[in-house]
Amino acid sequence: MDISLIITLFLLGFIGSFISGMLGIGGAIINFPMLLYIPAMLGVGHFTAHEVTGITAIQVFFSTIGGVLVYRKGGFLNKTLIAYMGVSILLGSFIGGFGSTHMPESGINIVYGILALIAVVMMFVPKKGIDDIPLDQVKFNKWLAALLAFIVGIGAGIVGAGGAFLLVPIMLTVLKVPTRMTIASSLAITLISSIGSVAGKISTGQVEILPSLIIVIASLIASPLGANTGKRVNTKVLQMVMGVLIFAVAVKVWLEIL
């Protein structure tokens, strides 16, 4: 592997994992388009959509570990929410990850674009008062949370994502979970989800080992840094950054599809 490609992969992995740790996402919504387009644009390498989904599945697993370790103290992790949504999304992501081998690259890109579009709409729905709820008094519909997580898991498994870019707006908008608890819990749920995605990708031979290893090293460094930054940033700013980021990615993906 060329040194220029190694450096490119490391930088892309670092950027994606820092943002993922800060915003409570696994990083696939950022790394999928970056890995698909930037190496080819720079002329240092090229990955197919199937290869990118395999690499991002591995990256999501390791970047979420770093984020969860940072948020494990302070009461931000909602164990009930993590249990209900984690088990459901794990099952869904394994189904999606295994089934993605039978989809053409254009199909994977369309699924990714649809997921990003839904996430954009939900991120810009008003979320008044959710951050005024004390963390020990947060309540939500457990079975609705489980059902939504299962559906998200199938789509996320197809594109090699952990699904947090959809889980975060769902938890904020539908389940009314405070922002910092959403970020922390979504990282834990995404960690569980990524187990299914990784298993599906590895079992079907969609993982490129060396590129994945480079991305993992970058993730282990950058994700905790991003999580520590996220704990200090105003929750309204975090929501705005997340919304703008998902919107930009959705526009890019749909321009490519159309």
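Starting from 1, each residue takes its place in the sequence as its number.
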Quiz item: I89 versus F150: any side-chain heavy-atom pair under 4.5 Å?
Solution: no

Quiz item: Do T190 and V68 pass the side-chain contact (heavy atoms from CB on, under 4.5 Å) test, and can you show the C-alpha distance, the side-chain angles, and the key distance before you say yes or no?
Solution: CA-CA 10 Å; T190 305; V68 169; over 6 Å; no

Quiz item: Under a single-linkage definition using a 4.5 Å side-chain heavy-atom cutoff for Ile, Leu, Val, Met, Phe, Trp and Tyr, are V216 and F18 assigned to the same hydrophobic cluster?
Solution: yes

Quiz item: Sub-3.5 Å donor-acceptor pair from the side chain of T64 to the main-chain atoms of F61, do we have one?
Solution: yes

Quiz item: Would you say Q137's side chain and P134's backbone share a donor-acceptor pair under 3.5 angstrom?
Solution: no

Quiz item: Can you name the closest pair of heavy atoms from L187 and G21 and give their distance?
Solution: CD1-O, 4.2 Å

Quiz prompt | Test item: side-chain donor near acceptor, Q59 and S17, under 3.5 Å | solution = yes

Quiz item: So L175 and M85, side-chain contact (heavy atoms from CB on, under 4.5 Å) or not? Walk me through it.
Solution: CA-CA 12 Å; L175 303 179; M85 298 190 82; 4.0 Å; yes

Practice problem: Answer yes or no: is there a donor N or O on one side and an acceptor on the other, between the side chain of S88 and the main chain of A146, under 3.5 Å? | Solution: yes

Quiz item: Roughly how far, to the nearest 0.5 Å, is the CG atom of L210 from the CD1 atom of I6?
Solution: 6.0 Å

Quiz item: L147: which other cluster members, linking ILVMFWY side chains closer than 4.5 Å, directly or transitively?
Solution: I151

Self-check item: V152/I170 under side-chain contact (heavy atoms from CB on, under 4.5 Å): CA gap, chis, key distance, verdict
Solution: CA-CA 10 Å; V152 169; I170 284 174; 3.7 Å; yes

Quiz item: Is there a side-chain contact between L9 and F47, using heavy atoms and a 4.5 Å cut-off?
Solution: yes

Self-check item: Closest approach of F14 to A222 (non-hydrogen atoms, all atoms of both residues)
Solution: O-CB, 3.2 Å

Self-check item: Atom pair CG/CZ of N78 and F140 - distance to nearest 0.5 Å
Solution: 5.0 Å

Self-check item: Candidate pair M171 and L81, rule side-chain contact (heavy atoms from CB on, under 4.5 Å), full reasoning
Solution: CA-CA 10 Å; M171 291 160 74; L81 183 66; 3.2 Å; yes

Self-check item: Transitive ILVMFWY side-chain link L167 to V241, under 4.5 Å
Solution: yes

Practice problem: Could you tell me whether a side-chain N or O of S223 sits under 3.5 Å from a main-chain N or O of S219, the two making a donor and an acceptor? | Solution: no

Exercise. Evaluate the side-chain proximity of V177 to I130: yes if any heavy-atom separation is below 4.5 Å, no if none is.
Key: no

Quiz prompt | Shortest non-hydrogen separation from G86 to I192 and the atoms involved | solution = O-CG2, 3.3 Å

Exercise. Report yes or no: do F76 and L69 belong to one cluster of Ile/Leu/Val/Met/Phe/Trp/Tyr joined by side chain heavy-atom distances under 4.5 Å?
Key: yes

Quiz item: Are Y84 and L148 joined in one hydrophobic group, where the rule is that I, L, V, M, F, W and Y side chains link up if heavy atoms are under 4.5 Å apart?
Solution: no

Self-check item: Taking every non-hydrogen atom, the tightest pair across V44 and S4
Solution: CG1-OG, 3.5 Å

Quiz item: CD1/I183 to CG/L77 distance, rounded to the nearest 0.5 angstrom?
Solution: 12.0 Å

Quiz item: To the nearest 0.5 Å, what is the distance between CE (M34) and CE (M41)?
Solution: 11.0 Å

Quiz item: What closest approach, in Å, do V138 and P178 show between heavy atoms, and which atom pair accounts for it?
Solution: CG2-CD, 3.6 Å

Exercise. Considering non-hydrogen atoms only, spot the tightest contact between I217 and F10 and give its length.
Key: CG2-CE1, 4.1 Å

Practice problem: Can you measure from CD1 (I214) to CD1 (I209) and round to the nearest 0.5 angstrom? | Solution: 12.0 Å

Exercise. For S185 and T182, indicate whether the former's side chain and the latter's backbone hold a donor-acceptor pair under 3.5 Å.
Key: no

Quiz item: From L220 CG over to L225 CG, what is the distance, rounded to the nearest 0.5 angstrom?
Solution: 11.0 Å

Quiz item: Should I19 and V233 be counted in the same cluster of Ile, Leu, Val, Met, Phe, Trp and Tyr side chains packed under 4.5 Å apart?
Solution: yes

